[in-house]
Amino acid sequence: MIIHPVLSWLNEWWQGVVATYGLPSCFVPAAQMVVHAILIGGFIAVLVLFLIWLTRKVSAHIQQRFGPMRVGWHGSVQTVADALKLMQKEDTTPRSCDRPVFNIAPFLAFAPTIVAFVVIPFGDGAIIRDLNIGVLFLFAITTINVIGVISGGWASGSKYSLLGGFRSAAQLVSYEVPLVLSALGVIMLAGSMKMGAIVDAQSRIWFVAYQPLAFVIYIIAATAEVNRTPFDIPEAEQEIVAGFNVEYSGMKFAMFFLAEFANMFLIAAIAATLFLGGWRGPWLPGEFWFLAKSFAIVLLLMFFRWTYPRLRVDQLMSFAWKFLLPLAFLNLIITGLILVLI
Amino acid sequence: MTDWIYVVAFYGVAGVALLGGLGVLFFRNLFHAGLSLILSLFAVASLFVLLGAEFLAGVQVLVYVGAVAVLILFAVMLTQRITARRVRRYTRALIPAALVTLGLAVVTVFVMVKVELPAIAPIPEASAIDELADQLLSTYLLPFEVISLLLLGALVGAIVLARKEERR
């Protein structure tokens, strides 16, 4: 309700400019793409700065500390200072690394996250491309993330990062399965993979009411997908220093960090769209409701992080394959039966 | 106007797919070859998008890039000695292999030139997935079920293999 009118006004103005000066017509979609790319990039940058600050404050308050207090009001510009510091840092490359893969890996981890934001409905009409394969696109594109993580771990040439790479490959591939299966129930109910159609189908009742089991499975699997505690064994500090990104420094480290936090928001935004009615809500504009629901789930993930202890590797695997997966199938069968019978 | 964009996109993407395939063949480091395979698979997914088969492209990325390629990389990582060693790229069977490949290439080109492929009516974009789903569960039900049986067999086989390992 806020973004869409502004963008369409901008588009009309630009169309007018193109028409008046007789520019080629392909300038219109091209300019649109550039504006969208800038919007997403800017949104992610601001979002991650805010999320890092929020993580530090929330974790601090859960542990009865204050967290950052000195830079800005309650440390609100602390992350800006940290980002500036990271940019000035030396970009070290370990001697035993595989240089080309080492350099590509941060981008492989970060790029899919940006691309995934293309199909996220931020508000009424505020979706960049409402693809027919929306949900499938999301899950497909975010799997590329794993490749960045494991090639980063492998290319660093350090045993700790290699172990982190192993762990995250095993974990991400395992939890991908229940994650996609839990979203399948929603797709069956909505009868479409379009994000817009899924939000529209929830105009009366949120899907979490019809799919409570799928919602729980989704939240658990999503926590594992973004490597948050209790599933943070890929970067378990006490065991393998910091996992796949030990050897990275400066901006390359920042890319992994950006990807991690942007992913956390992405997974929460998908949950809000699939289960909590997306941008739909009374009185206030859709963008507000979308952000409110997404941040509620982000806060839930942070709450998990400081509440539960870390799982062991074998527990993690058997939990995914022997418990979550059958449960997800059960949910799918029940959903199918009910849809057929009613 | 838009036609030449599609032509440029097709040749660009097809070129990337071929380059990726060549990379798989010629990289001496197995991990690099694996990454190159991912590039190739991703380019093939882009070709599907250009053909209007979005669903197929999504599945291609999800299954081949997200699962198969990751498993390949995982296996390469697990066998540390392989990554350190440079892979031998030539075998004594070079001449028979070349003959077989050449024969396949000749047959493929022959088919492409001789057989006239039926023109496919363009499917309206919005209903492409619905259409696919309907066709899979009506016209192509038998192949669909046979493939699912095959997958089930593979699944059971994997479990049996894993169990044997455990009993030892």
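On a predicted model such as this, the values are computed, not experimentally measured, just so you know. Chain A is the first sequence line, chain B the second, and so forth, proteins listed ahead of strands; every chain is numbered from 1.
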Relative to chain A, which segment of B:Ile38 carries a heavy atom at a distance below 4.5 Å: side chain, backbone, both, or neither? side chain
For B:Tyr64, look at atom OH and say whether over 12 heavy atoms of other residues, nucleotides or ligands are found less than 6.0 Å away. no
To check you understand the geometry: which heavy-atom pair defines the closest contact between A:Ala140 and B:Gly58, and what is its length? CB-O, 3.5 Å
For a 4.5 angstrom cut-off between non-hydrogen side-chain atoms, does B:Leu62 reach A:Phe139? yes
What verdict does the side-chain contact (heavy atoms from CB on, under 4.5 Å) test give for A:Phe137 and B:Glu54, after you've listed the backbone C-alpha separation in whole Å, the side-chain angles of each residue and the deciding distance to 0.1 Å? CA-CA 9 Å; A:Phe137 175 82; B:Glu54 291 173 343; over 6 Å; no
Taking atom CZ of B:Phe42 as the centre, does the number of heavy atoms from other residues, nucleotides or ligands within less than 6.0 Å exceed 12? no
Proximal component of B:Val63, with respect to chain A [non-hydrogen, under 4.5 Å]: neither
Can you find a pair of side-chain heavy atoms, one from A:Ile144 and one from B:Val65, that are under 4.5 Å apart? yes
On the 0 to 90° scale, with breaks at 30° and 60°, tag the A:Trp154-B:Phe31 ring pair as parallel, tilted or perpendicular. parallel
If you count heavy-atom pairs within less than 4.5 Å of chain B, which of A:Ile147, A:Leu108, A:Ile141 leads? A:Ile147
Please look at A:Leu136 and chain B and tell me whether the side chain, the backbone, both or neither of the residue comes under 4.5 angstrom of a heavy atom of that chain. side chain
